[in-house]
Amino acid sequence: MLNNDHESFAAAQARAAAAVSCESVVLPSGLTVLCRTMPGYSSVHAIYATGFGSVHRAFRLDGKQITLPAGTAHFLEHKMCETPKGDSFTFYAKTGASANAFTSYDRTCYLFSATQKIDENLDILLGMVGKPWFTKATIAKEQGIIGQEIKMYDDSPDWRLLNALFRCLYADHPLRDDIAGTVESIAELTPQMLYSCTRGFYAPSNMVLSVAGKITLAQAVDACKRNGLYRARAPHEVEWDIPAQTGPLPHKEAFFTMPVTKPCFGVAYREEPLAEGDLKRELLLDMLGDLVVGGLTKLYRRLYDEALVNPEFSGDFIAVRGACAVAFTGESDTPREVVDLLQAEIERLRTEGIEPEVFTLVKNQVYGGLLGDVEAIDDAAEEAAAAYLKGRTLADEIAALAALTVDDANELLRTALVLPPRARRVLCVWAAVPGLVCAPFAFWQSVWAGAVFCIVWAALVALVRARCCSFVAALTADSITVQAGVAVPVLRRIPRRAVTGVQLLRTPLLWAAGCTVLLVRSPGLQLVLPGIPAAQATALAAVLMEGDV
């Protein structure tokens, strides 16, 4: 068990590095090769990965703008397994290897496991990915095959639920689109589009070869030499980015029907995208699901004992460039009751704090999982590749985890401030009441006057709602930031050390909504945060007025 009171970050990092030791080398071509030689193992697992996934939909290649339809990365994964000499999986079958490939939101991976003919299998892997081959005829054939795969995913309740949640959170971020795309989107693909992707993202400098098991680094490097991946080459210039989405959520709820034995449901929270290299916040967000509804929590025990959810009810976390979300999904006959209990628990933890014992147990659980991964050859190779594509090592992850404290987790819970729907409805009712009172007098003048009055007042109420929905606030360790505005969003920021006063305001209407208006004052600036849940506002006020921030 880790002891954060007596263990320095440097000491933890040193032990982590020793536990997950991995040799590495960067070849003249720019390709990074990782190797974890594991004495006593009889098999080898190899993964060849690129930082190109379903969210990579627009980029500039050597100064030329390239825009891709949804599902391109997944489609390219299928096509890379096909060579002029036949399907690569046929070649693997002859060597006795078990091979696969997969596409995620931010990467594409090709892999195999084998106990014999390792060099031959490495040649198959590096050869097929390093020599793309596309024609109109083969693309048309693959479009039909993947179209059937897309329809298969449409029959998966869990997959459709996750996509529906992302569509509620994001209006235009690629995360909202299915990894495989749609039948219509992949029909737009051409050989030129696919070749642009391989030139930009399948260049050696954007890839990593990670191997583990009964293999040496020299053996992996020799395979790269045989397949033309060693010599230096001029990389293509690739630029891409996805701006973070701000403003109100596109949808508050989504419903669809499927033949299932029990209703599936999910609730998701859109968080601020991760800053580059912010491993601490990433780990905390990843732990958040277990800290709130994990099997070690009181909430999970209550939900399970009262048969309100299925045993698989849990929280998940995803972060890609420009997007970050935490989602809780499961099955329940009373999903709204579960969501209410979940939100109540989040507010309780926000106010009272996470139990130190639960935090320690969850932290050790994650720590054990990371160490367990490096003892299995498939996980050792794949986790090393995944960490590399994120710009770090497994040792960095373990050391960062060792430094986390329950105070860090409690600080994280204070960062999300979103105007609740109930408060929006109360404010809209408040804005509509004067119009309802005055409308009869307008109609008494004439029907046209009454109609015009109603239209103008309805537009005013809609403007009030839009203005309320535009409020988005975030509390970080250094500052509190509020963005508001319909046509022209305005960003206002106050350093936490500059806060001179905090005031809580509750009118009868806000009391009916269970909300509070929070006024944050600093020299020369005042922020107004409307419609914050009462418990959350009280906790936020206490945090802002702490003397040690």
Side-chain angles (χ1 to χ4, degrees), residues 49-82 101-110 128-129 132-156 159-203 206-207 236-245 250-251 254 256 273 318 320-323 325 389:
T50 174
F52 179 64
S54 67
V55 300
H56 296 76
R57 296 272 299 282
F59 60 94
R60 293 185 67 82
L61 178 63
D62 297 331
K64 180 181 178 182
Q65 182 65 32
I66 307 293
T67 303
L68 305 172
T72 299
H74 175 259
F75 191 94
L76 183 57
E77 171 219 313
H78 279 240
K79 291 304 301 169
M80 293 299 283
C81 295
E82 186 176 353
F102 66 87
T103 302
S104 68
Y105 293 107
D106 58 359
R107 64 184 183 271
T108 304
C109 304
Y110 306 84
M128 74 172 185
V129 179
W133 176 68
F134 317 119
T135 66
K136 290 184 177 179
T138 58
I139 288 177
K141 176 184 176 182
E142 197 66 39
Q143 284 168 339
I145 296 173
I146 295 181
Q148 294 299 316
E149 183 179 347
I150 291 173
K151 293 177 181 178
M152 179 184 70
Y153 281 118
D154 286 342
D155 292 331
S156 170
W159 189 249
R160 287 188 59 185
L161 179 66
L162 191 62
N163 284 328
L165 287 173
F166 290 154
R167 286 183 173 272
C168 287
L169 296 179
Y170 297 99
D172 49 23
H173 192 283
L175 186 65
R176 73 192 305 272
D177 295 322
D178 193 297
I179 291 176
T182 65
V183 174
E184 293 75 21
S185 68
I186 63 173
E188 303 173 21
L189 287 168
T190 64
Q192 291 73 26
M193 286 182 180
L194 299 183
Y195 280 121
S196 295
C197 295
T198 58
R199 286 196 299 272
F201 293 96
Y202 278 72
N206 195 56
M207 301 193 72
H236 292 278
E237 185 177 345
V238 181
E239 300 175 10
W240 82 280
D241 196 11
I242 306 175
Q245 181 171 319
H251 308 286
F256 59 90
I318 183 170
V320 295
R321 187 176 298 186
L389 292 176

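No experiment lies behind these values; they were computed from the predicted model shown.
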Is the shortest side-chain heavy-atom distance between [X] and [Y] below 4.5 Å?
| X | Y | answer |
| --- | --- | --- |
| Thr67 | Gln65 | yes |
| Val320 | His173 | yes |
| Tyr202 | Pro132 | no |
| Phe75 | Glu142 | yes |
| Trp240 | Phe52 | no |
| Ile186 | Ile150 | yes |

For Thr135, side-chain hydrogen bond (donor to acceptor under 3.5 Å, both in side chains) partners two or more places apart =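 If we apply the side-chain hydrogen bond (donor to acceptor under 3.5 Å, both in side chains) test to Thr135, skipping adjacent residues, the hits are Thr138.
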side-chain hydrogen bond (donor to acceptor under 3.5 Å, both in side chains) involving Asp178 - partner list, sequence neighbours excluded
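Partners of Asp178 by the side-chain hydrogen bond (donor to acceptor under 3.5 Å, both in side chains) criterion, ordered by chain and then number, come out as Trp159, Asn163.
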Could I get the full list of salt bridge (Lys or Arg N to Asp or Glu O under 4.0 Å) partners for [X], not counting sequence neighbours?
| X | result |
| --- | --- |
| Arg321 | Asp241 |
| Glu82 | Lys79 |
| Arg160 | none |

Looking only at heavy atoms, which two atoms of [X] and [Y] are closest? And how far apart?
| X | Y | result |
| --- | --- | --- |
| Leu61 | Gly200 | CD1-CA, 3.8 Å |
| Tyr105 | His56 | O-ND1, 4.4 Å |
| Ile139 | Pro191 | CD1-N, 3.5 Å |
| Cys197 | Leu76 | CB-CD2, 3.7 Å |
| Leu189 | Gln143 | O-NE2, 3.9 Å |
| Pro174 | Ser54 | CB-O, 4.2 Å |

Just by modelled atom types, is the [Y] backbone N or O under 3.5 Å from a matching donor or acceptor in the [X] side chain?
| X | Y | value |
| --- | --- | --- |
| Arg107 | Leu389 | no |
| Asp62 | Glu237 | yes |
| Arg176 | Tyr170 | yes |

Next on the checklist: If only side-chain N and O atoms count, and only distance matters, is there a donor-acceptor pair under 3.5 Å linking Ser156 with Asp154?
Outcome noted: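 No, no side-chain donor-acceptor pair sits under 3.5 Å.
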What's the separation between atom [atom1] in [X] and atom [atom2] in [Y], rounded to the nearest 0.5 Å?
| X | Y | atom1 | atom2 | value |
| --- | --- | --- | --- | --- |
| Leu162 | Arg167 | CG | CZ | 12.0 Å |
| Lys151 | Thr182 | NZ | OG1 | 12.0 Å |
| Met207 | Cys109 | CE | SG | 8.5 Å |
| Phe59 | Ser196 | CZ | OG | 5.5 Å |
| Tyr195 | Thr190 | OH | OG1 | 11.0 Å |
| Leu194 | Phe134 | CG | CZ | 5.0 Å |

Using a cut-off of 6.0 Å, state whether more than 12 heavy atoms not belonging to Phe102 lie near its atom CZ.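 Enclosed.
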(Q) Strictly by side-chain hydrogen bond (donor to acceptor under 3.5 Å, both in side chains), give each pair with a member in residues 68-77 just once, sequence neighbours left out. (A)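 As it turns out, the side-chain hydrogen bond (donor to acceptor under 3.5 Å, both in side chains) pairs with a partner in residues 68-77, which skip direct neighbours, are His74-His78, His74-Glu149, Glu77-Thr103.
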If the threshold is 4.0 Å, N to carboxylate O, is there a salt bridge linking Asp177 and Arg57?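 Yes, charged N to carboxylate O under 4.0 Å.
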